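The chains referred to below are lettered A, B, ... by the order of the sequence lines, with proteins before strands, and numbering in each begins at 1. It should be emphasised that the depicted structure is a prediction, and the values quoted were computed from it without experimental measurement. Computation of the quantities below employed the complete heavy-atom set of this structure, encompassing side-chain atoms and omitting hydrogens, waters and symmetry-equivalent molecules.
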2 protein chains.
Amino acid sequence: MRDAGAHVRVGDLDETALLARVVPLMPTRALLGPGDDAALVAAPDGRVVATTDVLVEHRDFRRDWSSGADVGWKAVAQNVADVAAMGGRCTGLLIGLSVPTDLPVAWVEDFARGVAAACAHLDAVVVGGDLSAASEVVVSVTALGDLGGRAPVLRSGARAGDVVAVAGVLGRSAAGLRVLQRGGSRSSAEEDLVGAHRRPRPPVAAGPAAALAGATALMDVSDGLLRDAGRIAAASAVTVELTTAGALGEWARDLEQRLGRERGHGVALVLTGGEDHALLGCFPPDAVLPVPFAPVGVVAATSPHGVLVDGRTWAGATGWDHFAR
Amino acid sequence: MRDAGAHVRVGDLDETALLARVVPLMPTRALLGPGDDAALVAAPDGRVVATTDVLVEHRDFRRDWSSGADVGWKAVAQNVADVAAMGGRCTGLLIGLSVPTDLPVAWVEDFARGVAAACAHLDAVVVGGDLSAASEVVVSVTALGDLGGRAPVLRSGARAGDVVAVAGVLGRSAAGLRVLQRGGSRSSAEEDLVGAHRRPRPPVAAGPAAALAGATALMDVSDGLLRDAGRIAAASAVTVELTTAGALGEWARDLEQRLGRERGHGVALVLTGGEDHALLGCFPPDAVLPVPFAPVGVVAATSPHGVLVDGRTWAGATGWDHFAR
């Protein structure tokens with residue numbers, strides 16, 4: 001084993017030594033674990049919400065664009081957002097991390113600190129995990145959650161007349177990715193967007209709040225508003241009619257000002273940009289929208305079921321596909 | 001999209017089309033899911049057991065030695081074994097699968113069939129998952145479980161005087177791996193070992209049975225008996241004294257007969273071979289060992305804490321390290 005300085009690689013340590021460096025950096029709090037064959041997590045209402053997402057280097061992140069801490073943050077944030085999207089709160093995370101043996105140990109430590117920072121921000125803890133070697137960094141996170149006795153809020157419950165609302169801001173992550181792709185120097189306004197791409201901040205408390213407010217449908221906007229609203233439309237057999245007159249338009253104008261681009265581009269980012277992990281909800285017309293939900297449209301029974309923007313079908317691309325060429 | 005024949009690659013389909021082929025092949029049964037942002041799984045006793053393991057191509061399996069179905073089987077088996085090792089029964093699996101875009105779709109379908117076969121054998125179901133692209137196949141499985149109101153059986157409860165026992169058979173997976181590494185034609189006796197390597201069969205019902213029988217410590221033997229018994233010894237501050245006079249010796253002799261090798265090699269395989277996913281338990285001296293546990297030693301208070309084989313320290317290598325060079 002070489003000296004424990006900045007140039008130590010993962011392959012210089014055995015698994016036990018590496019875990020001894022990394023585990024203490026993360027918040028671990030559960031009935032039991034990590035350390036035994038499995039963790040034990042409270043499931044107060046007799047059911048457990050469970051979701052898993054995998055992030056792969058070169059596909060979901062680039063190590064020259066995101067630090068280890070950014071990757072750890074994002075992996076936690078998007079999974080906790082999925083629990084919130086059911087109306088639940090996160091009760092524990094299991095983190096599988098596969099890394100190349102020539103990766104600096106400092107990167108793994110940085111990853112753990114990013115996990116810890118996201119957990120602190122999102123009120124989550126790590127209850128288990130696994131560490132192994134691979135050709136590229138692969139992060140797989142499973143998030144567990146509790147519904148507090150409430151029914152889960154599905155994608156399939158939207159009804160004609162519902163108000164469509166978004167908690168969080170859309171388009172910023174995609175805009176930040178464009179700034180990174182462009183390269184060169186960045187204004188502070190652009191730096192904010194890059195930050196939104198690296199460390200999305202899902203409004204997780206809005207999930208249980210939406211459930212309490214009577215939300216009929218709820219989901220995490222991970223693949224872009226149009227695509228994800230289309231999923232609610234399909235599952236609920238309704239049409240989601242979005243309007244750019246309110247919050248969507250404001251977010252688009254903010255992006256255009258930050259990017260200094262031509263009018264019209266911001267709307268496309270807001271409608272199709274993924275990975276902001278805002279929450280998209282449908283609420284009965286008489287519901288009081290919980291903070292920070294902003295209305296962005298209405299649900300209609302018109303057929304064919306789908307998504308309209310200001311009364312028309314959107315003509316451009318609609319989102320992200322993991323296997324698109 | 002090309003024709004849906006044997007030569008279709010993952011990258012020829014979009015994510016939705018690929019999922020539509022794969023998901024129906026797997027047993028999915030839960031309160032809810034897959035299909036929404038998260039699954040909902042029953043947690044009858046108000047707690048949930050949770051564990052995660054990652055399998056990486058080239059490290060944990062080779063596609064020329066194991067079929068997609070073998071990999072799916074193994075990923076399920078080793079995670080369900082971890083739930084059993086707490087004394088629990090599996091209530092749901094979440095499966096993250098990352099695959100190269102040039103991988104045949106048929107491999108992914110075969111993987112799903114192997115998951116289904118293991119689930120049928122081990123009484124498990126799939127409740128969620130994620131599918132993404134990567135440079136090599138990476139499988140991350142999270143298993144959830146229920147303890148039926150019992151206390152979890154930890155590694156730390158072994159006491160001097162306990163009987164040490166194993167449910168399952170040891171050394172067969174490692175022996176099968178050696179047969180694969182050697183190459184060439186295989187006898188039917190060797191083929192059995194290869195089968196044990198490709199499709200381990202953890203005795204999962206023995207987990208809850210051990211808990212009911214009063215097991216003081218329990219764990220899954222994934223990294224070899226010596227290494228894993230050492231973990232119980234360390235966690236419980238005891239010495240595990242193994243004897244090769246009984247079941248361990250019988251298993252060793254069976255391996256030697258199958259492999260046609262010199263005397264003595266079989267014991268090393270039984271003591272250090274990993275991935276059989278047998279269960280290692282410690283029981284009070286007056287406990288009735290549940291089927292199929294076989295006694296393999298006793299727990300002593302002698303110091304330094306560790307593992308002895310027939311009264312002596314084992315001189316050879318002790319197991320598997322993911323980062324060993």
Side-chain angles (χ1 to χ4, degrees), chain A residues 10-11 13-15 18 31-32 36-44 46-54 56 58-60 82-83 85-86 88 92 94-98 101 127-136 138 140 142-145 147 152 154-155 218-220 321-325, chain B residues 10-11 13-15 18 31-33 36-44 46-54 56 58-60 82-83 85-86 88 92 94-98 101 127-136 138 140 142-145 147 152 154-155 219-220 321-325:
Chain A
V10 166
L13 303 180
D14 66 17
E15 194 174 350
L18 189 55
L31 300 179
L32 172 73
D36 220 284
D37 290 82
L40 189 61
V41 180
R47 303 165 300 172
V48 61
V49 175
T51 180
T52 196
D53 262 330
V54 181
V56 181
H58 308 303
R59 271 84 175 179
D60 298 297
D82 278 328
V83 171
M86 303 300 286
L94 297 104
I95 301 183
L97 178 64
S98 304
T101 53
V127 299
D130 190 24
L131 186 60
S132 60
S135 301
E136 61 200 345
V138 179
S140 54
T142 297
L144 306 178
L147 294 175
L154 310 184
R155 299 175 178 183
L218 190 63
M219 73 179 294
D220 166 45
D321 190 293
H322 283 99
F323 296 101
R325 287 183 164 173
Chain B
V10 166
L13 303 180
D14 66 16
E15 194 174 350
L18 190 56
L31 301 180
L32 173 73
D36 221 284
D37 290 81
L40 189 61
V41 180
R47 303 165 298 173
V48 62
V49 175
T51 180
T52 198
D53 262 331
V54 181
V56 181
H58 309 302
R59 272 81 177 182
D60 297 296
D82 278 328
V83 171
M86 303 300 285
L94 298 104
I95 300 183
L97 178 64
S98 304
T101 52
V127 299
D130 191 23
L131 186 59
S132 60
S135 302
E136 61 200 346
V138 179
S140 53
T142 297
L144 306 178
L147 293 175
L154 310 185
R155 300 175 178 183
M219 73 178 294
D220 165 45
D321 190 292
H322 282 98
F323 296 101
R325 287 185 163 172

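Interface residue A/Leu144: only side-chain heavy atoms are found under 4.5 Å from chain B. The parts of B/Ser135 that come within reach of chain A are both its backbone and its side chain, each placing non-hydrogen atoms under 4.5 angstrom from that chain. In this structure, chain A has heavy atoms under 4.5 Å from both the backbone and the side chain of B/Val49.
With hydrogens and angles ignored, the 3.5 Å screen pairs a side-chain donor or acceptor of A/Asp37 with a backbone N or O of B/Asp220.
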- request: With side-chain contact (heavy atoms from CB on, under 4.5 Å) as the test, would you mind laying out the steps for B/Leu40 and A/Leu147 before giving the verdict?
  value: CA-CA 9 Å; B/Leu40 189 61; A/Leu147 294 175; 3.7 Å; yes
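Note on A/Gly96, A/Ala50, A/Ala85: by heavy-atom pairs under 4.5 Å with chain B, the leading option is A/Ala50. In terms of non-hydrogen atom pairs under 4.5 Å with chain B, the most contact-rich of A/Met219, A/Met86, A/Arg155, A/Arg47 is A/Arg155. Considering only heavy-atom pairs separated by less than 4.5 Å from chain B, the leading option among A/Val83, A/Leu218, A/Leu154, A/Val138 is A/Leu154. The candidate from A/Ile95, A/Asp82, A/Val48, A/Val56 with the greatest count of non-hydrogen atom pairs under 4.5 Å with chain B is A/Val48.
A pairwise comparison of heavy atoms in B/Ala134 and A/Glu136 identifies CB-OE2, 3.4 Å as the closest pair.
For B/Ser140, the side-chain contact (heavy atoms from CB on, under 4.5 Å) test picks out A/Val54, A/Ser140, B/Val54, with sequence neighbours left out.
Rounded to the nearest 0.5 angstrom, A/Thr52 OG1 and B/Leu97 CG are separated by 11.5 Å. From A/Leu94, atom CG reaches atom CG of B/Asp53 across 10.5 Å, with rounding to the nearest 0.5 Å.
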